[in-house]
Amino acid sequence: MKKFHSGFVTLIGRPNVGKSTLMNCLIGEKIAITSHKPQTTRNKITSILTKEDFQCVFLDTPGIHKPKHKLGEFMVRSAENTFNEVDLVLMLIEPTEKVVEMDQYVIDRLENVKTPVVLVINKIDTIEREKLLQVIEAYRKLYTFAEVVPISAMKGSNTDALMDVIKKYLPEGPQYFPEDMVTDQPERQIASEIVREKALYLLQDEIPHGIAVEIMSMKKREGQNMVDVEATIYCEKDSHKGIIIGKQGAMLKKIGSLARRDMERLLGSPIYLELWVKVKKDWRDSDFLLKNFGYDRRNV
Ligand SMILES: Nc1nc2c(ncn2[C@@H]2O[C@H](COP(=O)(O)OP(=O)(O)OP(=O)(O)O)[C@@H](O)[C@H]2O)c(=O)[nH]1
């Protein structure tokens, strides 16, 4: 009988390089949440790919960056801690001509990491071949990568080759999760990420990252297929609250209807979604509030 392989792969890279897009592309379902804004992925999202002969568990870490506040410190630590516990690290970059300072910072964090690191150059649809070779050369000088794989996560180019590389590094092991399971993320967390993604998307640059979403309740209606979801969007200022709600509640309605559509697709049942907006000043710098939103230090 053919041997089964399984393992854990963590994905790192500075904000906005396309980690969530890659995850979605490899798993084929909308699990990680994408947005054009940096740092939308605040939670470590685990997605699972199971095939006949292997199972790969992906840890999508929050974007590594120099921390500016407590939430930032938390995000960096939670990313760093996973490096030595996994079978493979994928470092995702954008093909910039010069190594950007942030990537250098990420490479510095990898210095004592024993796990093999594969450099994945994303967004190759945006550059010419010549330039790509220069990018590869520049990064190879900085770190001994186990392999270098150029891809376009958005277009799905070369992602099969990346999957083959990943498979090579998975040791023999058991199937950790049932094959129909694509994430171990609780449904509530997925639901709150969806609301946050829609709010960030619709509000564009008006609320600079000052929102968090908490699912207050999520209950299946008795005797029906309908799920009732109540969620609160937290922001930092009264003025932000007004923008999120919009004229006669128009913005909140839009956020709600986009979020509901995605939730229904993901959770597979009709959703009745009720949204609230509350002001909690400086929630990003408060340990108490971080805990309240599920960013508990003890878990890192
Ligand atoms: N042109 C191009 N754009 C891409 C590609 N992959 C991702 N993008 C875009 O880059 C932006 C960021 O993608 P995300 O997947 O949200 O990035 P991320 O690294 O998960 O971001 P954080 O959650 O902030 O860490 C989005 O607008 C994507 O559409 C690609 O292969 N080519």
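Every number for a ligand or one of its atoms is a count from 1 in the order of the listing. Numbering of residues begins at 1 and proceeds along the displayed sequence.
In this structure, a donor-acceptor pair under 3.5 Å is present between the side chains of Gln55 and Thr50. Side-chain contact check for Tyr272 and Glu230: no donor-acceptor pair (N or O, by modelled atom type) lies under 3.5 Å.
Considering only heavy atoms from C-beta on, Pro150 comes within 4.5 Å of Leu132 through its side chain. Contact check for Asn122 versus Val17: no side-chain heavy atoms found under the 4.5 Å cut-off.
At least one N or O atom of Ser152 sits closer than 3.5 Å to an N or O atom of ligand 1. Considering backbone and side-chain N/O of Val17, one or more are found under 3.5 Å from N/O of ligand 1. The shortest N or O to N or O distance between Thr126 and ligand 1 is not below 3.5 Å.
Set against the non-hydrogen atoms of Asp125, the atoms of ligand 1 under 4.0 Å away are 1 (N), 2 (C), 30 (C), 31 (O), 32 (N).
Heavy-atom distances between Gly13 and ligand 1 stay at or above 4.0 Å for every pair.
Here Leu22 has no heavy atoms under 4.0 Å from ligand 1, in either its backbone or its side chain.
With atom 29 (O) of ligand 1 as the reference point, the heavy atom nearest to it among Lys155, Glu197, Met154, Met23 is part of Met154. Among Leu11, Ile127, Asn16, Thr21, the residue whose heavy atom lies nearest to atom 7 (C) of ligand 1 is Thr21.
Linking Ile, Leu, Val, Met, Phe, Trp and Tyr residues whenever their side-chain heavy atoms come within less than 4.5 Å leaves Val279 and Val213 in two separate clusters.
Taken to the nearest 0.5 Å, the CG atom of Leu11 stands 10.0 Å off from the CG atom of Leu88.
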